[in-house]
Chemist: 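Structure provided below as structure tokens; questions to follow.
Note that the coordinates shown come from a computational prediction; the quantities given were computed from them, not determined experimentally.
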Amino acid sequence: LGRRMRVLCVEGVLSTSLTIRGQQGDDWDQLFALLNTSGVFPRSLHIPYMNESTLRDRYSTPSANTHTLIAETGVPSGRKRIVGVAWLSIMRTRRRHTARLDLVVHPDYAANGTMPNLLQAALDLADNWLGLRRMDVVVHASDGAAIALYEQYGFESEAALRRYAFGMGAYQDGVLLARLRGVDQDAGYADSGTGTVKRREKCPSVQVRGVESDDWEDLAAVFACPSVFANTLQLPYLSRDFVRERLENPPSHFHGLAAVVDEQVVGYLGLHTGEGRQSHSAYLGMMVHEDYQSCGVGSALMDAAINLAENWLNICRIELQVFPDNAAGIALYRKFGFEIEGTLRAYAYRDGRFVDSYTMARIRDEGQPV
């Protein structure tokens, strides 16, 4: 952030000035102390006993799309103390109008105006300098004060996320709230491209295996299908080199499955498992070549993914997003026990307009194998 914002706290200790600024290289010691404060854990996804090297690995080299705001205040000794931090992470490609907000405030300063001032600075950056249209944040469902504060600044609850995180010995639900700016909510939906999909008269025999880097040519053909990029977050005109690079260098905590028919890969499913207090959860994304849709390929991939997640990785929450006009996809996910947890407004950009998305999740009862 190129400028410094000075504000006067309106509550709490009188005559205490608060400065909102960008992160600096010498902030590490104080950030480390802030994030290791016991009162921070119930309101965030941080874990106790974090070491400094872990903190540096996580925050020392943020991506170009992550903006960090620091809240610092004066203390009696005359020094400055970091009492809050906010990360504004901008999404990519068809969601680059959106940013996810993560905000942490020291519990001793939670009632002196730090949190609303830090939130106002993040909104100013998002609205007036980055031109964002959507900002979302996830809050623990038990944190009524934080939910009320976000609602005061125009955020609305969109989804109730079951078993969002683990903490204090139990699963905790979350609430996803979002604030929209300058989005036409009556735009409706563009044609998803599913109307011209060819349907096979006979369902083939489908085998599911782990995806291999040599599968890139078959998968490039899947990515190129209009009904695939319309119903996912992929782009048209995707480079084949991009698909090859993705298979050769998969992200960490990722498991890829391939659906094979007559030695050709016709479907792909990625399972991204969580970390830390969300290691019990996973995010699922799937695509099927349009020539093989509605003939059992999606079911075979879903069956294998749920078996892998719940019986081998001990995952008890699997989540996904799906556009409301993708009736076949929604029916498939319902078949496998997924339930709609909310509607995310203006979630993505598609064919010239913003479109909503359902967020769905499947919850496995403890001790109940698939």
Chemist: Decide whether Glu319 and Ser281 meet the rule of one side-chain donor and one side-chain acceptor closer than 3.5 Å.
Modeler: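 There is no such pair between these side chains.
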
Chemist: Could you give all pairs that pass the salt bridge (Lys or Arg N to Asp or Glu O under 4.0 Å) test and reach residues 85-99, with sequence neighbours left out?
Modeler: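 Every salt bridge (Lys or Arg N to Asp or Glu O under 4.0 Å) pair that includes a residue of residues 85-99, provided the two are not neighbours, is Arg95-Asp136.
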
Chemist: Okay, side chain of His253, backbone of Leu271: is any donor-acceptor separation there less than 3.5 Å?
Modeler: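 Side chain of His253 to backbone of Leu271, a donor-acceptor pair under 3.5 Å: no, none is there.
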
Chemist: Any side-chain donor paired with an acceptor under 3.5 Å for His140 and Ser142?
Modeler: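 No, no side-chain donor-acceptor contact under 3.5 Å.
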
Chemist: With no hydrogens and no angle check, is any side-chain donor or acceptor of Asn307 less than 3.5 Å from a backbone partner on Asp303?
Modeler: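 No.
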
Chemist: Side chains of Thr73 and Lys80: is there a donor and an acceptor less than 3.5 Å apart?
Modeler: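 Their side chains do not contain a donor-acceptor pair, so the 3.5 Å distance test is not met.
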
Chemist: What I want to check is whether the side chains of His46 and Arg277 have a donor and an acceptor closer together than 3.5 Å.
Modeler: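 On atom types as modelled, these side chains do not qualify, holding no pair under 3.5 Å.
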
Chemist: Can you check whether Val83's main-chain N or O pairs, donor with acceptor, with Gln30's side chain at less than 3.5 Å?
Modeler: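 No, because the side chain of Gln30 does not come within donor-acceptor range (under 3.5 Å) of the backbone of Val83.
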
Chemist: Going by atom types alone, do Asn314 and Arg364 pair a side-chain donor with an acceptor below 3.5 Å?
Modeler: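 Yes, Arg364 and Asn314 have a side-chain donor paired with an acceptor closer than 3.5 Å.
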
Chemist: According to the interplanar angle, ranging from 0 to 90°, do the rings of His272 and Tyr283 count as parallel (below 30°), tilted (30 to 60°) or perpendicular (above 60°)?
Modeler: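 Ring orientation of His272 relative to Tyr283: tilted.
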
Chemist: Could you check if a side-chain atom of Leu313 sits within less than 4.5 angstrom of a side-chain atom of His255, using non-hydrogen atoms only?
Modeler: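 The answer is yes; the side chains approach within 4.5 Å.
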
Chemist: Is it true that His97 and Phe354 have ring centroids separated by less than 6.0 Å?
Modeler: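 Distance test on ring centres: under 6.0 Å, yes.
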
Chemist: Say whether Asp27 and Gln23, considering side chains only, have a donor N or O and an acceptor N or O under 3.5 Å apart.
Modeler: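 No pair is found: no donor N or O on one side chain lies under 3.5 Å from an acceptor on the other.
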
Chemist: If we count only N and O atoms by modelled type, under 3.5 Å, do the side chains of Tyr333 and Glu339 hold a donor and an acceptor together?
Modeler: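 The answer is no; no qualifying pair exists.
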
Chemist: Would you check if there is a donor-acceptor pair between the side chains of Thr359 and Glu341 at a distance under 3.5 Å?
Modeler: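 The answer is no; no qualifying pair exists.
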
